[in-house]
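Report on the structure given below.
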Amino acid sequence: MQGKVIIITGASSGIGAATARLLAARGAKVVLGARREAKLKALTEDIRAAGGEAIYQMLDVTRQAENDAIVQLAQDTYGRVDVTFLNAGIMPSSPLSALKTDDWHAMVDINIKSVLNGVAAVLPTFTRQKSGQVIATSSVAGLKAYPNSAVYGGTKWFVRDFMEVLRMESAMEGTRIRTATIYPAAIHTELLHTISDPTTSAGMQALYKTHGIAPERIASVVAFAIEQPDDTTVSEFTVGPASQPW
């Protein structure tokens, strides 16, 4: 971990913020991206006050140019990029019959395009240096179907397939790019705030109140994946509360 340059998207809260704090504490140089500048600035200042290295840049993950820019920031500041953690996402779940089509399109834009754009931004660098690691947050809804999660789950199934193909193609092409896909269950983040359907929101709030665990649990898994030897990929992690029968 020491000295590695790690980009984290969706870094202003939840899993992204917890991961930034942990990796910086272990010696990584973290490059933080999200849309909320005030939260990014506060997190960066906290990390620096604790003796870590961090920089930030506002990032709309749906825009390729902004994904390219944060990679360039990392290279201009630290001279390289070793890992990108593609963590941005939203979860406005609802039954299909509610026809919340704006939510459907927002999930496609953020949950899918953030991964496409993030990988497109960093892949030339990783290919050229024949090293690097892409970590992405999927969901247990990317492993099995759940009512009210048809579109959300679909976006997370995409992440699963995309990351697996990236791993396979990298091995075939000899670029040595490591991958890790994380499938969280009930983790306390701001995802629940994005649910606009009242019935679905109430059900998810109750579920998370009963079972939810801290985002630091996912941060430790990200750290574990990064700290594996460069010749080793642990490609999938399903992580959730011991009490939740997901």
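- Counting heavy atoms from C-beta on, the side chains of N148 and P95 come closer than 4.5 Å.
- The nearest pair of heavy atoms linking I226 to R178 is O-NH2, 3.1 Å.
- Using a 4.5 Å heavy-atom threshold, the side chains of R26 and L23 count as separate.
- The existence of a salt bridge linking R176 and D230 is excluded, since no basic side-chain nitrogen approaches an acidic carboxylate oxygen closer than 4.0 Å.
- V165 and F158 fall into different hydrophobic clusters, where Ile, Leu, Val, Met, Phe, Trp and Tyr residues are linked whenever their side-chain heavy atoms come under 4.5 Å apart, directly or through other members.
- Remark: R63 CZ is loosely packed, at most 12 non-hydrogen atoms of other residues, nucleotides or ligands lying under 6.0 Å away.
- At distances below 3.5 Å, not a single donor-acceptor pair connects side-chain atoms of R80 with backbone N or O atoms of Q129.
- In this structure, the separation between OG1 on T84 and CG on L123 is 11.0 Å, given to the nearest 0.5 Å.
- Here the closest non-hydrogen pair linking R217 and I213 is CG-CD1, 3.8 Å.
- Electrostatic pairing of E45 and R48 does not count as a salt bridge here, judged by no charged N lying under 4.0 Å from a carboxylate O.
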Report the C-alpha separation of V119 and N67 in whole Å, then their side-chain angles, then the decisive distance to 0.1 Å, and conclude whether the side chain to side chain contact (heavy atoms under 4.5 Å, CB included) test is met. CA-CA 9 Å; V119 169; N67 288 269; over 6 Å; no
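- In this structure, P92 and T194 have side chains that are in contact, with non-hydrogen atoms separated by less than 4.5 Å.
- In this model, a donor atom of one side chain and an acceptor atom of the other lie less than 3.5 Å apart for S170 and T175.
- Residue I187 holds its CD1 atom at 10.0 Å from CD of E216, rounded to the nearest 0.5 Å.
- Between the side chain of K156 and the backbone N or O of T137, at least one donor-acceptor pair lies under 3.5 Å.
- You'll find the side chain of I135 stays beyond 4.5 Å of the side chain of F237, heavy atoms only.
- Contact check for M163 versus E236: no side-chain heavy atoms found under the 4.5 Å cut-off.
- Using a 4.5 Å cut-off between side-chain heavy atoms of Ile, Leu, Val, Met, Phe, Trp and Tyr, with links allowed through other members, M168 and V115 fall into different hydrophobic clusters.
- For the residue pair D60/T62, the side-chain donor-acceptor check at 3.5 Å is satisfied.
- Between the side chains of Q64 and D68, at least one donor-acceptor pair of N or O atoms lies under 3.5 Å.
- Although no hydrogens or angles enter the test, the distance criterion places a donor-acceptor pair under 3.5 Å between the side chain of K144 and the main chain of W246.
- Between the W157 side chain and the A141 main chain, a donor and an acceptor come within less than 3.5 Å of each other.
- No donor-acceptor distance shorter than 3.5 angstrom exists from the side chain of R35 to the backbone of S12, with no hydrogens or angles considered.
- Shown here for I47 and A54, the closest heavy-atom pair between the two residues is CG2-CB, 3.8 Å.
- The OH atom of Y208 sits 9.0 Å away from atom NE2 of H188, with the distance rounded to the nearest 0.5 Å.
- Closest non-hydrogen pair, Q244 versus A186, comes out as OE1-N, 3.0 Å.
- Under the 3.5 Å distance criterion, the side-chain polar atoms of D82 are left unmatched by any main-chain donor or acceptor of I6.
- The same ILVMFWY cluster, assembled from side-chain heavy atoms under 4.5 Å apart, contains both I110 and L192.
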What verdict does the side chain to side chain contact (heavy atoms under 4.5 Å, CB included) test give for E66 and V61, after you've listed the backbone C-alpha separation in whole Å, the side-chain angles of each residue and the deciding distance to 0.1 Å? CA-CA 7 Å; E66 295 191 19; V61 292; over 6 Å; no
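- Sequence neighbours left out, the pairs with a member in residues 104-124 that pass side chain to side chain donor-acceptor pair (under 3.5 Å) are D109-K113, N111-T155.
- Here the OG1-CZ distance, from T181 to R160, works out to 9.5 Å after rounding to the nearest 0.5 Å.
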Run Y146 and V140 through side chain to side chain contact (heavy atoms under 4.5 Å, CB included) and show every step you take. CA-CA 9 Å; Y146 292 92; V140 291; 3.9 Å; yes
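- Within the 4.5 Å cutoff, side-chain heavy atoms of Q75 are placed close to those of V81.
- Taking each heavy atom of D197 and A98 in turn, the nearest pair found is OD1-CB, 4.3 Å.
- Using a 4.5 Å cut-off on side-chain heavy atoms (C-beta onward), T127 and I177 make contact.
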Worked check of side chain to side chain contact (heavy atoms under 4.5 Å, CB included) between F162 and L116: CA-CA 9 Å; F162 182 87; L116 294 177; 3.6 Å; yes
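- Residues V31 and V222 are members of separate hydrophobic clusters, defined by side-chain heavy-atom contacts under 4.5 angstrom among Ile, Leu, Val, Met, Phe, Trp and Tyr.
- A heavy-atom distance below 4.5 Å is not found between the side chains of N87 and T19.
- Following chains of ILVMFWY side-chain contacts shorter than 4.5 Å, one can reach M107 starting from M91, so the two form part of one hydrophobic cluster.
- With values rounded to the nearest 0.5 angstrom, L73 atom CG is found 3.5 Å from I55 atom CD1.
- Judged by distance alone, the side chains of S196 and D103 do bring a donor and an acceptor atom under 3.5 Å apart.
- Here the straight-line distance linking atom CG of L59 with atom CD1 of I8 works out to 12.5 Å at 0.5 Å rounding.
- What you find for A185 and G240 is that their closest heavy atoms are CB-CA, 3.8 Å.
- A distance-only check finds a donor-acceptor pair linking the side chain of T189 to the backbone of L191 [under 3.5 Å].
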